[in-house]
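Note sheet for the following structure.
Lettering follows sequence order; numbering is per chain, from 1. Heavy-atom basis, side chains included; hydrogens, waters and symmetry copies ignored.
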Amino acid sequence: MKKVRRKIGKYEVGRTIGEGTFAKVKFARNSETGDSVAIKIMAKTTILQHRMVEQIKREISIMKIVRNPNIVRLHEVLASQTRIYIILEFVMGGELYDKIVQQGKLSENESRRYFQQLIDTVDHCHRKGVYHRDLKPENLLLDAYGNLKVSDFGLSALTKQGVDLLHTTCGTPNYVAPEVLSNRGYDGAAADVWSCGVILYVLMAGYLPFEEADLPTLYRRINAAEFVCPFWFSADTKSFIQKILDPNPKTRVKIEEIRKEPWFKKNYFPVKLGEDEQVNLDDVRAVFDDIEDQYVAERSEITEGGPLIMNAFEMIALSQGLNLSPLFDRLQDNVKRQTRFVSRKPAKVIISSIEAVAESMGLKVHSRNYKVRLEGVSANRVGPFAVVLEVFEVAPSLFMVDVRRATGDTFDYHKFYMNFCAKLGNIIWRPAGTMPNSNLLKQMTL
Amino acid sequence: MGCMNSKSVRKFPAREDSLDLAAETAFTVNEVEALFVLFRSISNSIVNDGLLSKEEFQLAIFKNKKKDNIFANRIFDLFDVKKLGVVDFEDFVRSLNVFHPNASLKDKIAFSFRLYDLHNTGFIERPEVKEMLIALLFESDMKLADDVIETILDKTFVEADLKQDGKIDTEEWETFVKRNPSVLKIMTLPYLRDITISFPSFIFNSTNVERVDETSTRL
């Protein structure tokens with residue numbers, strides 16, 4: 001009868017907070033940091049019996065790829081001889097659906113705010129090639145500050161089953177797009193957009209747009225997008241929802257079009273996301289910021305501050321051969337992701353030249369001291385594209401400009417770099433006898 | 001030798017081995033198991049012998065086994081603790097440990113000192129630094145005149161070589177590094193925090209024992 005405090009790794013395990021066919025979910029606390037987590041526990045025998053090994057591996061990989069503040073974070077994965085444990089962020093505020101059940105429909109403004117966060121999050125995942133396919137209010141959680149957290153992105157196999165707060169039969173596809181129901185091949189992005197539209201309707205109406213006691217009638221109504229907007233929906237809201245709940249996926253509004261809609265744009269503050277190398281950039285920024293503070297403090301009486309001075313060891317540390325990250329990031333290709341050039345022009349001239357050329361290429365420019373961030377849309381319009389440049393002094397009147405891809409496709413980066421350097425030609429210093437194009441071509445083939 | 005061979009081709013680390021490695025490093029048992037998944041994939045990429053060769057290491061870093069690099073070679077040599085020309089899993093884990101975010105600054109400083117002491121003289125000497133600097137410039141397709149390189153080295157040694165004897169000893173290196181922390185940025189791999197998520201297939205082979213049996217809780 002003695003109660004034993006159970007520990008899994010560094011987590012002290014508490015009460016059960018969820019249970020489903022394949023997983024039990026327990027509350028736990030990280031004994032090192034005090035943070036709350038949710039642990040999904042699965043028996044290996046169950047996984048093997050249902051042939052879910054590859055699915056679980058794929059879904060864990062997806063959770064890593066789509067990291068985002070509005071997605072429930074996967075902290076780590078643990079295992080014992082008999083069980084696996086998936087350690088997830090614990091979200092304090094509960095399910096958005098519970099809020100609707102308790103409060104009834106939400107105001108238009110409140111609904112819009114959640115919808116904006118949902119669209120930004122879904123778009124973030126789509127840009128990474130990940131589609132949710134099971135969006136519904138039960139997968140939308142609220143954190144302590146009332147912000148949206150999408151759960152089960154990639155973990156749909158672990159969704160609670162048999163617990164259906166909508167009181168409909170198990171598997172009722174109230175949020176599923178018509179083309180998914182038809183079992184034809186379908187576009188994951190368009191299907192997720194439809195589900196977002198159903199969610200928006202539920203938030204504002206307090207009930208489902210498609211709800212029938214018998215499945216055939218339900219399927220028919222979904223396929224025809226046969227729904228009625230309640231009288232309290234404004235004309236703008238009605239029009240907006242109709243564009244989303246278009247049964248034809250080809251003509252259904254897309255996410256980038258949703259973003260341009262006046263209804264959507266009201267009080268809209270997009271979050272800056274999409275960094276592929278967020279962790280590394282944070283580390284780099286933190287280190288440089290610290291050094292910068294020192295230098296500025298030391299030199300405040302002498303000059304207005306120049307670029308950071310790089311010593312021989314800091315230069316050597318730039319080598320790809322000293323960067324072990326590719327061991328762990330199997331998705332990297334062998335195209336160089338860091339490039340750099342030397343200039344003898346004054347540092348301020350280098351910065352202003354970079355800014356002028358970037359603007360002429362249609363890029364957004366953000367400068368701070370001797371760091372410049374350039375942002376644009378990739379050539380194939382697939383996603384955002386960003387480059388970070390930094391000027392360092394390596395010798396008197398000699399500067400090195402480090403150019404690094406922050407986000408976007410590596411092929412786009414290389415096209416950008418060659419084009420950019422060609423335009424910058426006059427400030428790039430090359431030893432006598434070197435043809436301007438030969439270095440760039442050589443780099444491309446490396 | 002027979003023992004080494006049979007050990008090399010094992011499918012998954014034995015529980016005792018994982019426990020031992022976890023005890024002497026910042027990695028947990030599960031993280032050691034995840035590292036084994038990584039190690040197996042890179043160490044069998046050219047020769048399926050369960051050992052990591054220099055070519056396999058280069059292939060993993062550059063995705064190109066023909067690319068030679070003075071720095072990658074140097075790291076490999078430091079991982080090759082037994083000087084056999086190949087790295088086994090145990091030395092791989094112990095060596096990677098210094099790159100863990102939780103590894104001590106002291107260990108990172110010591111490793112980086114040995115890394116830059118190219119010719120194992122016990123000091124970081126000016127000719128070694130020049131050799132490395134030229135290698136970096138070559139790698140980056142940047143060419144600088146010799147006098148510019150000497151200027152860079154002069155400036156660096158004024159700051160690092162406190163005794164002004166043309167070489168940097170371990171004490172001078174520690175002082176220099178603490179004043180210039182960006183020199184150590186290569187010594188920390190944030191990826192090592194996420195190793196179980198990066199290589200999740202270990203979960204199906206894990207031999208980890210749960211600390212407390214669940215049945216006793218239900219009594």
Side-chain angles (χ1 to χ4, degrees), chain A residues 1-4 6-9 44 53 56-57 60-61 63-64 74 76-84 279-280 283-284 287-288 290-291 311-329 332-334 339-342 394-396 398 400 431 434 439 442-443, chain B residues 28 30 33 38 42 60-64 69-73 75 99 116 129 132-133 135-136 139-145 148 151-153 155-156 159-160 180-183 185-186 188-192 194-198 200-204 206-212 214 216-217 219:
Chain A
M1 294 303 287
K2 181 193 288 184
K3 187 82 173 180
V4 178
R6 186 165 174 231
K7 217 174 172 185
I8 296 171
K44 283 181 180 177
V53 170
I56 287 176
K57 285 198 276 184
I60 290 170
S61 298
M63 287 287 284
K64 180 172 186 284
L74 170 59
E76 62 178 314
V77 179
L78 305 177
S80 68
Q81 285 175 299
T82 55
R83 288 183 183 83
I84 66 169
V279 171
N280 291 330
D283 289 351
V284 171
V287 170
F288 283 135
D290 288 346
I291 296 174
N311 62 55
F313 293 102
E314 284 161 336
M315 292 176 73
I316 289 164
L318 296 171
S319 171
Q320 271 186 264
L322 291 175
N323 177 19
L324 300 185
S325 300
L327 292 180
F328 302 95
D329 190 348
Q332 280 189 34
D333 49 44
N334 67 348
T339 44
R340 51 192 71 93
F341 59 84
V342 170
V394 297
L398 185 70
M400 182 183 73
T434 305
N439 273 348
K442 213 156 87 172
Q443 288 181 50
Chain B
T28 64
N30 279 161
E33 291 169 337
L38 163 61
I42 64 178
I61 291 185
F62 299 111
K63 316 304 182 203
N64 178 348
N69 182 281
I70 185 178
F71 303 109
N73 287 347
I75 291 182
F99 293 92
Y116 292 137
V129 183
M132 292 187 286
L133 185 54
L136 180 274
E139 177 188 314
S140 303
D141 275 326
M142 299 191 293
K143 294 189 180 79
L144 297 180
V148 174
T151 300
I152 295 170
L153 293 172
K155 176 163 55 74
T156 299
E159 191 179 354
N180 297 274
S182 70
V183 168
K185 72 184 180 187
I186 56 167
T188 298
L189 290 166
Y191 283 99
L192 289 173
D194 291 334
I195 197 70
T196 60
I197 298 173
S198 297
S201 60
F202 80 91
I203 57 184
F204 300 106
S206 178
T207 58
N208 195 20
V209 178
E210 292 175 37
R211 193 168 307 193
V212 178
E214 191 175 37
S216 67
T217 309
L219 286 173

Which atom names give the shortest non-hydrogen contact between [X] and [Y], and what distance separates them?
{"X": "B:I61", "Y": "A:P326", "value": "O-CB, 3.3 Å"}
{"X": "A:P396", "Y": "B:T151", "value": "CD-CG2, 3.7 Å"}
{"X": "B:N30", "Y": "A:A79", "value": "OD1-N, 2.8 Å"}
{"X": "A:A312", "Y": "B:L153", "value": "CB-CD2, 4.2 Å"}

* Step by step, would you call A:N323 with B:F71 a side chain to side chain contact (heavy atoms under 4.5 Å, CB included)? -> CA-CA 9 Å; A:N323 177 19; B:F71 303 109; over 6 Å; no
Report which part of [X] has an atom under 4.5 Å of a heavy atom belonging to chain B: side chain, backbone, both, or neither.
{"X": "A:I316", "value": "both"}
{"X": "A:F313", "value": "both"}
{"X": "A:L398", "value": "side chain"}

Min side-chain heavy-atom separation [X]-[Y] under 4.5 Å:
{"X": "A:F328", "Y": "B:L192", "value": "yes"}
{"X": "B:P200", "Y": "A:I56", "value": "no"}
{"X": "A:N311", "Y": "B:V183", "value": "yes"}
{"X": "A:S319", "Y": "B:M132", "value": "no"}

* To do: Against chain A, label B:I75 side chain, backbone, both or neither, depending on which of its atoms sit under 4.5 Å from a heavy atom there.
  =>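 For B:I75, side-chain heavy atoms alone lie under 4.5 Å from chain A.
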* Asked: Is it the backbone or the side chain of B:I203 that comes under 4.5 Å from a heavy atom of chain A, or both, or neither?
  ->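 For B:I203, the contact with chain A is made by backbone and side chain together.
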Out of curiosity, [X] [atom1] to [Y] [atom2], how far, rounded to the nearest 0.5 Å?
{"X": "B:E139", "Y": "A:L322", "atom1": "CD", "atom2": "CG", "result": "8.0 Å"}
{"X": "B:N180", "Y": "A:E314", "atom1": "CG", "atom2": "CD", "result": "5.5 Å"}
{"X": "A:M400", "Y": "B:S140", "atom1": "CE", "atom2": "OG", "result": "7.5 Å"}
{"X": "B:L144", "Y": "A:M315", "atom1": "CG", "atom2": "CE", "result": "6.0 Å"}

